[in-house]
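Have a look at the structure below before the remarks.
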Amino acid sequence: MLSVFLIVIVWIALAPTQLGGQVSYVIVDGTSMQPNFHLGDLVLVRTESTYQVGDAVTYWNAELGTFVFHRIVGLNLDHFILKGDNNSWNDTYQPTQSEIVGKLWVHIPELGLAIEWAHVPINAALTFGLLGGFLMTTMLLTPSQNKRGKSRLWGGNMRGALEGALYLMGFLALAFLGLTILAFTRPLTRTADGIKYQQDGYFYYSAPGTPGVYDSDKIQTGEPIFPKLNCSLNVGVLYTLSGSSLEGIFGTHQLYALILDEQSGWQRAFAMDSQATFNSNPYILASSIDLCQVESLVGNMEQQTGMHSDSYTLKIIDHLNVMGLAAGQPINDTFDPSLVFKFDSVHFYLDTNTATDSPLHSSKAGLAGAAGLQANTLPLLGLNPTVLTVRVLALFGFILMLGGLLILGWAIFDAVRQNEPALIQLKYGSLLMNVYERTPYSTSRIIDVASIDDLARLAERQNTMIMHMTLNFLHFYLVQCNGITYRYVVSTGKRGFATLEPAPIGLLNDGFAVNPRRVLEVQPIQYQEPDNLEDTARHRVNQRESVWSESSRNGFDPDTNSVVPAPPLDSEMFGKIKM
């Protein structure tokens, strides 16, 4: 049973996530985590409710399409910034918490190499072949020991409902004790998650159009602009802040333009309007830019530097500072939504190569302060109860199981003290065979053993059953071997232990006389008054005759007003009685 308990504990602690557990097994493949982690090391990671900077975690990298084991070096709102210990750059992919598989729990150097070796089919076949051969050799060399072990397993161990309850309560008590220790090692509270909010910027633009070149006399958002036809471009931005229970939202904003050459790194910025404030959510901002001025700045730069590029980039950026409250928590954040154009000597057009969602939409998620402390949780078998709940339930369960063990222990002790046959039935019930033959060893040599345990060991060694039969208040346990009958006798009465009475004179018991004295219980004769006085004399005569008859058969004086019940006489069993 202890082995089963250990297996259950190991399963709870090491069960893989694919089978409902909380542990993932990762083999290090690469050098990005050196010098602490090397190629072929086995890493066990566990799922956690929160992750912090400095944690070594495994996450799913959607860009690479594989799992990556790196360390968290920063936070970007609800995304994590990761980096290999041996790398000088951060990972380009920033996962969310749902994409993190788990945090480093156990590190076993070079064990992954052995696992990968075992994955090779020829190596796996060789390993299982050697193991199977070893097990078969063991079975062939020790068959008798295996048989005796099986007999001991099924016959010697405690059986029945009481035994099952005892082991079950013992297992549950240990499980609750381990859960209690685990719960008391976790804090009751932790820092609450911040209140999430999101900022969004939606751009649009327009300009006068030339009929025949465009579908209408107005350039729509998404269409290219030709400075030779029109230099003025009207730009608008819609800003929204979404979140839980927002209030008091205000801030400042300013539109500016950034011209840059991505190949050389040259850039030039200028303000499109002055800084302004806003106190509404959402709000709309509109301004305009002279595209001919942009081309003039680029042309001046090329003339003075001699540098020429096929295309340049124009970014229109709305720089915001926003403040307010979300669910009572302070917001103090910045946001820079941008509208990006590519342009050359002919036209301006939207840059769609770097847009993740839409070239006209920018967004940024954030967390408003911290909501103080909240109850810590303990992930357990797919559930997420609070640590306080686990502590209370674990303590209550441990105390309850401990009380049950004490009650069962007292019941077993009481059974040993008062009813030894019941205990024998409990311990060796599967080895016992009830028989009713009164002469199982009339011609055998009889040897009395000191305890039922000795008799059980003998039965296991001989791979035989223990014969059990009762005679009045005597329980006989017998094992026959090589013409010898080994015997253990237990005596008990209806009202407790039987009293010792001398055996009847002249009784020659060839099998059941344990000693010159037998264990019998004396039962008094119950006297009943007749229904009428006329039968009184006849009733007393019959009573006297009955007593004399019983006494002569059992060997007791009738004047004692008691009769000792005796077993039926059997000539094969008891021999002869001398009168």
Side-chain angles (χ1 to χ4, degrees), residues 198-242 249 251-263 267-302 309-320 322 334-365:
Q198 181 168 307
Q199 302 179 82
D200 292 277
Y202 300 89
F203 282 90
Y204 60 92
Y205 62 88
S206 64
T210 302
V213 178
Y214 299 96
D215 292 336
S216 65
D217 59 353
K218 184 178 180 180
I219 299 175
Q220 303 294 330
T221 300
E223 294 181 331
I225 305 101
F226 298 93
K228 289 183 178 181
L229 301 177
N230 183 29
C231 288
S232 179
L233 179 66
N234 300 316
V235 179
V237 58
L238 171 65
Y239 172 79
T240 62
L241 177 65
S242 58
I249 303 301
T252 62
H253 66 91
Q254 182 180 18
L255 275 174
Y256 67 95
L258 178 65
I259 308 170
L260 59 91
D261 177 28
E262 294 180 351
Q263 293 182 354
Q267 64 180 24
R268 174 76 183 274
F270 60 91
M272 295 173 56
D273 55 13
S274 59
Q275 188 180 70
T277 62
F278 68 93
N279 55 9
S280 63
N281 180 37
Y283 83 88
I284 298 177
L285 170 67
S287 185
S288 62
I289 184 172
D290 188 348
L291 299 182
C292 293
Q293 181 186 0
V294 173
E295 288 186 327
S296 176
L297 289 173
V298 172
N300 185 39
M301 182 272 297
E302 290 182 342
S309 181
D310 294 335
S311 64
Y312 295 90
T313 301
L314 170 64
K315 286 186 178 181
I316 299 175
I317 303 171
D318 186 13
H319 179 69
L320 294 115
V322 62
T334 61
F335 186 34
D336 295 288
S338 62
L339 177 64
V340 182
F341 289 97
K342 287 287 188 179
F343 69 95
D344 51 26
S345 60
V346 177
H347 69 309
F348 287 75
Y349 57 94
L350 283 176
D351 182 9
T352 59
N353 294 328
T354 59
T356 58
D357 183 12
S358 167
L360 301 171
H361 176 222
S362 300
S363 64
K364 180 182 179 181

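Along the sequence shown, residues carry numbers from 1.
Contact of the D318 side chain with the Q254 side chain is not registered, since no non-hydrogen atoms from C-beta on lie closer than 4.5 Å. In this structure, the side chains of L360 and L350 come closer than 4.5 Å at one or more pairs of heavy atoms. Side-chain contact between I316 and F341 is present, with at least one heavy-atom pair separated by less than 4.5 Å. Between K364 and D336 there is no side-chain heavy-atom pair separated by less than 4.5 Å. Y312 is not listed as a side-chain neighbour of V294, based on a closest heavy-atom distance of 4.5 Å or more. Contact annotation: the side chain of K315 never approaches that of Q267 to less than 4.5 Å [non-hydrogen atoms, C-beta and beyond]. In this structure, V322 and N281 have side chains that are not in contact, with every pair of non-hydrogen atoms separated by 4.5 Å or more. For the pair D344/D310, no side-chain contact is recorded, criterion being any heavy-atom separation below 4.5 Å from C-beta on.
Interatomic distance, L255 CG to S338 OG, rounded to the nearest 0.5 Å: 11.5 Å. Atom-to-atom distance recorded for S288:OG and M272:CE is 6.5 Å, nearest 0.5 angstrom. A distance of 11.5 Å separates CG of L229 from CG of L291, quoted to the nearest 0.5 Å. With rounding to the nearest 0.5 Å, the separation of CG in D261 from OG in S311 is 8.0 Å. Rounding to the nearest 0.5 angstrom, the gap separating the OG1 atom in T252 from the CG atom in N279 is 12.0 Å. Taking CD of E262 as the start and CG of D351 as the end, the distance is 7.0 Å to the nearest 0.5 Å.
Within 6.0 Å of the CD atom in Q263, the count of heavy atoms belonging to other residues, nucleotides or ligands does not exceed 12. For CG of N300, the number of neighbouring non-hydrogen atoms (other residues, nucleotides, ligands) closer than 6.0 Å is greater than 12.
Heavy atoms only, all atoms of each residue included: P359 and L339 are closest at O-CD1, 3.8 Å. Annotation for A271 and Y256: closest pair CA-CB, 3.8 Å, computed over non-hydrogen atoms. Considering every non-hydrogen atom in both I219 and P224, the closest pair reads CG2-O, 4.2 Å. Closest of all the heavy-atom pairs between P337 and G201 is CB-CA, 4.2 Å. Here the shortest heavy-atom pairing between Y214 and I225 reads OH-CA, 3.8 Å. Scanning all heavy atoms of the two residues, the minimum distance from L233 to S206 falls at CD1-O, 3.6 Å.
The ring pair (Phe, Tyr, Trp, His ring centres under 6.0 Å) with H361 is formed by just one residue from the set Y202, Y239, F203, Y204; it is Y202.
Between K228 and E295 no salt bridge is recorded (no basic side-chain N to carboxylate O distance below 4.0 Å).
Under the 6.0 Å cut-off for aromatic ring centres, F348 and Y205 do not qualify, their centroids lying 6.0 Å or more apart.
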### Message
Determine whether V298 and E302 satisfy the following criterion, side chain to side chain contact (heavy atoms under 4.5 Å, CB included), listing intermediate values before the conclusion.
### Response
CA-CA 6 Å; V298 172; E302 290 182 342; 4.0 Å; yes

### Task
Applying side chain to side chain contact (heavy atoms under 4.5 Å, CB included), run through S232 and N230 and close with a yes or a no.
CA-CA 6 Å; S232 179; N230 183 29; 4.1 Å; yes

### Message
One pair to check against side chain to side chain contact (heavy atoms under 4.5 Å, CB included): F226 and T210. What are the steps and the verdict?
### Response
CA-CA 10 Å; F226 298 93; T210 302; over 6 Å; no

